[in-house]
Asker: 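Right, I'll just put the structure down here and ask away after.
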Amino acid sequence: MEDEAWRSVEIIRDNDGVPHVLQQKLLVFTSGVSEESAGYTKPAMEHRLVPLQDLTKFGGT
């Protein structure tokens, strides 16, 4: 079985100085059905930027 998760890679500030988190998508194999073992994670080439205040309760002003 395969699932997905997002791993935080780095904090980046945009042109206005607002911190964003660069995240990378991970493929997570939750059981050993395929050739991958259970608990194995494989990075995907998909990334996203998420405002830091959306991820933490301390990000608001």
Side-chain angles (χ1 to χ4, degrees):
M1 182 178 221
E2 187 177 316
D3 203 354
E4 65 181 48
W6 290 92
R7 175 181 63 166
S8 296
V9 177
E10 189 173 351
I11 295 178
I12 299 171
R13 293 189 181 268
D14 65 6
N15 292 339
D16 297 324
V18 178
H20 285 69
V21 178
L22 175 64
Q23 293 186 327
Q24 181 178 25
K25 187 176 193 178
L26 295 174
L27 302 177
V28 180
F29 296 90
T30 56
S31 65
V33 175
S34 69
E35 69 277 0
E36 308 296 352
S37 61
Y40 176 77
T41 60
K42 181 168 47 174
M45 292 306 295
E46 188 174 340
H47 294 80
R48 68 181 181 185
L49 279 176
V50 180
L52 182 62
Q53 68 181 8
D54 290 353
L55 299 177
T56 64
K57 64 181 179 179
F58 303 109
T61 54

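The structure presented is a predicted model; accordingly, all values stated were derived computationally and were not measured.
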Asker: Going only through I, L, V, M, F, W and Y residues with side-chain contacts under 4.5 Å, is there a path from Ile11 to Val50?
Answerer: yes
Asker: Kindly list each side-chain donor-acceptor pair under 3.5 angstrom involving residues 15-24, sequence neighbours excluded, with atom names and distances?
Answerer:
from, atom 1, to, atom 2, distance (Å)
His20, ND1, Val18, O, 3.1
Gln23, OE1, Arg48, NE, 2.8
Gln23, OE1, Arg48, NH2, 2.9
Gln23, NE2, Ser8, OG, 3.3
Gln24, OE1, Arg7, NH2, 2.6
Gln24, NE2, Ala44, O, 3.1

Asker: Which pair of heavy atoms, one from Leu26 and one from Pro43, lies closest together, and at what distance?
Answerer: CD2-CA, 3.7 Å
